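Take a look at the structure below.
Residue numbers start from 1 in every chain, and the chains themselves are labelled A, B, ... in the order their sequence lines are given, proteins ahead of strands. Predicted, not measured: the structure shown is a model, and the values here were computed from it.
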There are 2 protein chains.
Amino acid sequence: MKITQLQLLKVLLNNGLNISEAAKQMFVVQSAVSRQLSLLEEELGMPLFVRKGKRLDAPTPLCLDIAGEIDNMELALENIRAVADDHRDARVGELRLATTHTQAKYFLPSVINEFREKYPKVKIHFFQGNPAQLVDMLHKREADVAVCTEELQEHSDLITHKCYDWNHALIVPPEHPLAKGKLTLERIAEYPLLTYVFGFTGRTKIQEAFEALKLKTDITFAATDTDVIKSYVKLGFGAGIIAKMAFEDKSNDGLLLRDMSEFFPSSTTTAAYVKSKFLKSYLQEFIDILVKHGKLNM
Amino acid sequence: MKITQLQLLKVLLNNGLNISEAAKQMFVVQSAVSRQLSLLEEELGMPLFVRKGKRLDAPTPLCLDIAGEIDNMELALENIRAVADDHRDARVGELRLATTHTQAKYFLPSVINEFREKYPKVKIHFFQGNPAQLVDMLHKREADVAVCTEELQEHSDLITHKCYDWNHALIVPPEHPLAKGKLTLERIAEYPLLTYVFGFTGRTKIQEAFEALKLKTDITFAATDTDVIKSYVKLGFGAGIIAKMAFEDKSNDGLLLRDMSEFFPSSTTTAAYVKSKFLKSYLQEFIDILVKHGKLNM
DNA sequence: ACTGATTACGCAGTACGTAATTATA
DNA sequence: TATAATTACGTACTGCGTAATCAGT
């Protein structure tokens, strides 16, 4: 049983059981993949895929049962390499950070700044996505750490660190009716709204608050990031509901901010990584900085 | 990075860092081991052992950090093989059972009997040892399941199943003064006692009960198994304190049993296996039978 | 016809063994 | 001196690539 044979199996599962495609990803020719797969099946004494003629049609139950163990093995191997890298030189390496636009733009800059000062030689890679994608990146080990607001606590195979709590706020142009007077959800619901798409930054909490009062909202427009929402609010498309901290920015030219913390429960921004992952020392420290800056923000 | 290179590292650590010895265990010559070790060190970019001239003197911190991950990897590989074996034929294989003498003799026979009827083709290997050794065997994966009374619940990397509770009892020859009259710990402490050695079958509970009353005991004789204790009790060496269920045996010829459940807290016999181990279907069922028979005993 | 998988065969890299060398107890 | 580790070199094996064959869309 060879490491590459087992990895091959995962690659096949992730590429529609296409041997040719798997071969490309592993930088070998099809015949090599075909043979290694046969050898592995022979060693295990059972087929890993049901064939339709010569094509792979579906994974066998055995194959699926094995897949999880291969994940464990790959993680162990990556950890071994990480441990060695850390012992060799704990100040170099890369940090693959998966996060959402809002966190990347409004929370992380100061964190990254402090981190870069301490570890100038660590290459930082940003990956953006929705929270579900971020979790997926962690599981596939394409990212080391994820930072976002939703979804993270629910996964028992992730270790999470609370960074900070925040609330939502309303942004409107000065001439908008909601710019003045007492705010209520009932009043707000009368106007077109712009906010985040589902799965992002507390969108469900917004939804639930309105629904709890049986209010129908006119969410004209939903985006993944605050900047887009702001732009359209400026253009007069309606009132925006955004993460409050996303307002602390120079480019708000003229928009008014109104607190909405009384209407929606606060959200928590969280950092996470996979449970049995070995954290190189600079990753460990990155998490520490994240949490520290989170506390400063509160 | 090759599987065998990583396994080699564990073998070295388990054999006093002796390359020649490791070579024997891996069925290759010394030079092969030496070279593979060098290659691994080269790939990791750091030495795994500090050398004293040409001999390995001590593992580096890196080496120790890596060792745990290698365990995970080996476990994953063993699980893969086990899954495949299970899919190929779930009725054959081996069951490596680590247990103490008392459990092997008085609790397990009926369990083994039922199991063998269902799985006549599974080879059963018994390993005996003290509870600490049993745990060690699980960790080194030299045994699949351990059954004993102590030590198991405290290990968070083991999954445990309660089998049954039991109490201690006193055995004496008919002519012994303790054969008659009301039993008290004070009275018992006046006579020479025979019981289990430390680390076995509730010995600490016996100790603690006497100490709680500030009684000094004369434990003349301690053994790992009940049979030996019985023999010496018959020879008049003193009174024996044994697991009560160990009396249900033909060969007690003449010894008297007196219940002691009021003096010592009951003990629990438990089955355990390592947390992330894949259990073949017959192992799963073996555990079920263990628990079932445990309940019958209560 | 075209895409995709298997089989056959030659070549290259890797790992082992034997043996010589060097170092330690 | 005996034991243990490294280095050198020849050999066998394993895994890849090219190419031909076979099967499905």
message = Would R203(A) pass as a cation-pi partner of F198(A), given that its NZ or CZ must be under 6.0 Å from the six-membered ring centre and within 45 degrees of the axis?
response = yes

ask   = How sharply is the helix from dA1(C)-dT25(D) to dA25(C)-dT1(D) bent, taking the axes over five pairs at either end and rounding to 10 degrees?
value = 30°

key: Whole-Å distance separating the CG atom of L37(B) from the P atom of dA5(D)   = 10 Å

request  = Can you tell me the distance, in whole Å, between the CG atom of L40(B) and the C1' atom of dT14(C)?
outcome  = 15 Å

ask   = Does S34(B) have a side-chain nitrogen or oxygen under 4.0 Å from the phosphate oxygens OP1 or OP2 of dT6(D)?
value = yes

inquiry  = Counting only side-chain nitrogens and oxygens, does K2(A) get under 4.0 Å of the OP1 or OP2 atom of dG15(D)?
reply    = yes

query = CD1 of I3(A) versus C1' of dG15(D): gap in Å, rounded?
reply = 15 Å

key: Given DNA chain D, 5'-ward residue of the pair K54(B) and R35(A), judged by closest heavy atom   = K54(B)

task = Scan V28(A) against the nucleic acid and name what it touches under 4.0 Å (heavy atoms): base, sugar-phosphate only, or nothing.
result = sugar-phosphate

message = Need to verify one output field. Residue with the more 5' nearest nucleotide on DNA chain C, S31(B) or L39(B)?
response = L39(B)

ask   = So, is S20(B) close to the dA5(D) phosphate, meaning a side-chain N or O under 4.0 Å from OP1 or OP2?
value = yes

query = Which is it for M46(B) and T60(B) under the side-chain contact (heavy atoms from CB on, under 4.5 Å) test, yes or no, and what are the steps along the way?
reply = CA-CA 9 Å; M46(B) 290 276 290; T60(B) 60; over 6 Å; no

request  = Give the rounded distance in Å between these two atoms: CG of L56(B) and C1' of dT24(C).
outcome  = 13 Å

key: Member of T226(A), D227(A), D225(A), T100(A) meeting the side chain to side chain contact (heavy atoms under 4.5 Å, CB included) criterion with K105(A)   = D227(A)

request  = Check the distance between dA15(C)'s P and Q30(B)'s CD and give it to me in whole angstrom.
outcome  = 18 Å

ask   = Between F115(B) and F286(B), what is the ring plane arrangement, given parallel below 30°, perpendicular above 60°, and tilted in between?
value = perpendicular

inquiry  = I'd like to check the side chain to side chain contact (heavy atoms under 4.5 Å, CB included) partners of K52(B); sequence neighbours left out, ordered by chain and number.
reply    = D57(B)

request  = Mind calculating the distance between CD (E21(A)) and C1' (dA5(C)) to the nearest angstrom?
outcome  = 15 Å

message = Below the 4.0 Å mark, does dA5(D) have OP1 or OP2 next to a side-chain nitrogen or oxygen of N18(B)?
response = yes

inquiry  = Side chain of A32(A) only, heavy atoms from C-beta on: which candidate in dC16(D), dT25(D), dC16(C) is closest?
reply    = dC16(D)

request  = Check R141(B), K277(B), K10(B) against E74(B) for a salt bridge (charged side-chain N to carboxylate O under 4.0 Å, His left out) and give me the one that passes.
outcome  = R141(B)

ask   = Any N or O donor-acceptor pair linking the side chain of R55(B) to the base of dT3(D) at under 3.5 Å?
value = yes

query = Does the pair D288(A) and H161(A) meet the rule for a side chain to side chain donor-acceptor pair (under 3.5 Å), with working shown?
reply = CA-CA 9 Å; D288(A) 292 344; H161(A) 293 267; over 6 Å; no

query = Is there a side-chain polar atom (N or O) of Q36(A) under 4.0 Å from OP1 or OP2 of dT14(D)?
reply = no

ask   = Is there a side-chain polar atom (N or O) of R51(A) under 4.0 Å from OP1 or OP2 of dT6(C)?
value = yes

inquiry  = Looking at R81(B) and D85(B), is there a salt bridge between them, counting it only when a charged N and a carboxylate O are closer than 4.0 Å?
reply    = no

request  = May I have the distance from M26(B) (atom CE) to dG17(C) (atom P), rounded to whole angstrom?
outcome  = 11 Å

task = For D57(B) and dA5(D), give me the distance from atom CG to atom P, rounded to whole Å.
result = 12 Å

